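Remarks on the structure that follows.
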Protein chains: 2
Amino acid sequence: MIARRKDRLETLRREILALHPSLDVVVKAADLSVTANVFGLYEEIKSYPMQTWINNAGFGNYDSVGHQDLGKIRQMLHLNVESLTLLSSLFVRDFKDTEKTQLINVSSCGGYTVVPDAVTYCAAKFYVSAFTEGLSWELKAAHAKMRAKVLAPAATKTEFGKVANDVEEYNYDRFFGTYHTSAQMAAFLLELYDSDKVVGLVDREIFSFRLCEPQFPYAGNSRHNQKI
Amino acid sequence: MIARRKDRLETLRREILALHPSLDVVVKAADLSVTANVFGLYEEIKSYPMQTWINNAGFGNYDSVGHQDLGKIRQMLHLNVESLTLLSSLFVRDFKDTEKTQLINVSSCGGYTVVPDAVTYCAAKFYVSAFTEGLSWELKAAHAKMRAKVLAPAATKTEFGKVANDVEEYNYDRFFGTYHTSAQMAAFLLELYDSDKVVGLVDREIFSFRLCEPQFPYAGNSRHNQKI
């Protein structure tokens, strides 16, 4: 488990061990929005027999393009786009031919539908959806053993709301009304993990979860692809 | 005109002045893949009475996700995603209420359809398409005077092929067969400029150009948007 806050990682580690004492839970504190950290971090952990890699780290931002804080936007792009790409690429490079490996990238329903006042965040999540769907096609075409999958949540009650709005307190009941809990979202992730489908998508209008094939067009066998 | 190579900018400047001697052509040499350059550059030029901003700078990469050169990928993300976002945001901030202003971001048909062996490039162009379409909705909703538009070329005979494949020579006839020239693409850009449509898209199967409305779903008036 990798995240910024060592104390929270240690708390979570103790909670997991209380339920499953035989597990070996390794925690690493790292801020993945600093992309220079990514390569060293991966070197530290790549000798573990990894089977599933989940790129869950990410944050959002609510603001118009003309008003948004560009320092925060850069940090968001480094984390949500660049680090996710580097870690995905490194994991695929080393583990794509290992049995039962999965890469699950957490996108958003905003990575399939653009949402007002969250345009740059949604564009970053379109990146994640397209990258991961494309990778899933690529792995299948190469007869790799790894599978790549996209989880696309809608509103989920976490610290997301506080960070995306730069506020100290955030009330999901007031500002969204309908949302999932993080426990519900973890259960959806496990459904996706267990399935042969590539995308696990929450419908942001009715909050149902469904497993489906890639949503974006793919030019798999077009005669207009580069012929090299 | 902003690009890396001062000598080519000067040559182009002379060519333009030979045709239109009364123009004032300002050139700036800058490598926009170094995102730290963006803010200083924008400060230097923002006092000009800008009317149209075109984010054309960008490069591609052909490789599988597992084999791709991550140094090149980082540089591509910095240029195609981060600098485009920063320059778009700065231009919108200062000029969105100025009459007849346009922001045209150059995406790709690969920003609407994922292409094999160019997954990361396509994902970056999905970002550009979604960001710019979302911005176009946002500007209209705010009754801004600026319009944001997406140009989405298919194969176009430029240095793109050499850079994307890391080769010294690239033969568009051999590797693509069908493609547009940069003069044809410039004419399509002017069609988009003159129109009220948001997207100018080349169909990569039949190489026709069409002007159309945003292609991605937009949750403009969903009751499930954040209520702040």
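Because the structure is predicted, anything quoted here is derived from the model rather than measured. Reckoned from all heavy atoms, side chains included, excluding hydrogens, waters and symmetry mates. In what follows, chains carry the letters A, B, and so on, assigned in the order in which the sequence lines appear, proteins first and then strands, with residues in each chain numbered from 1.
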- [ ] Select all residues of residues 198-208 of chain A having any heavy atom within less than 4.5 Å of some heavy atom of chain B, and report them by number, or 'none'.
- [x] A:Arg204, A:Glu205, A:Phe207
TODO: Counting only heavy atoms closer than 4.5 Å, note whether B:Asn165 contacts chain A via side chain, backbone, both or neither.
DONE: side chain
Task: Side chain, backbone, both or neither of A:Glu138 within contact of chain B (heavy atoms, under 4.5 Å) - done: side chain
Task: Interface moiety of B:Leu70 toward chain A, non-hydrogen atoms closer than 4.5 Å - done: both
Open item on the list: If I take atom CZ from residue A:Arg74 and atom CG from residue B:Leu86, how far apart are they, to the nearest 0.5 angstrom?
Closed with: 6.0 Å
Task: residues 141-153 of chain A: residues contacting chain B (heavy atom under 4.5 Å, by number) - done: none
TODO: Tell me, out of B:Gln68, B:Lys125, B:Arg223, B:His67, who's got the most heavy-atom pairs with chain A below 4.5 Å.
DONE: B:Gln68
TODO: Any chance you could measure B:Lys96, atom NZ, to A:Ser64, atom OG, to the nearest 0.5 Å?
DONE: 7.0 Å
TODO: Taking the side chain as every heavy atom from C-beta outward, state whether A:Val65 and B:Phe131 have any pair of such atoms under 4.5 Å apart.
DONE: yes
Task: chain B neighbours within residues 166-177 of chain A, where any heavy atom lies under 4.5 Å away - done: A:Tyr170, A:Arg174, A:Phe175, A:Phe176
Task: Close side-chain approach of A:Ser89 to B:Ile73, heavy-atom, < 4.5 Å - done: no
TODO: Could you tell me which non-hydrogen atom of A:Gly66 sits nearest to which non-hydrogen atom of B:Val92, and how far apart they are?
DONE: CA-CG1, 3.8 Å
- [ ] Drop me the distance from B:Asn80's CG to A:Tyr127's OH, to the nearest 0.5 angstrom.
- [x] 10.0 Å
Task: Toward chain B, the part of A:Leu135 with a non-hydrogen atom under 4.5 Å - done: both
Task: Exercise: identify the closest heavy-atom pair between A:Ala123 and B:Ala130 - done: CA-CB, 4.0 Å
Open item on the list: With rounding to the nearest 0.5 angstrom, report the CZ to OG1 distance, B:Phe216 to A:Thr113.
Closed with: 10.5 Å
Task: Closest approach of B:Pro116 to A:Ala219 (non-hydrogen atoms, all atoms of both residues) - done: CD-O, 3.3 Å
Open item on the list: For the CD atom of B:Glu82 and the NE2 atom of A:His78, what is their distance to the nearest 0.5 Å?
Closed with: 3.5 Å
- [ ] Select all residues of residues 32-61 of chain A having any heavy atom within less than 4.5 Å of some heavy atom of chain B, and report them by number, or 'none'.
- [x] A:Thr35, A:Ala36, A:Phe39
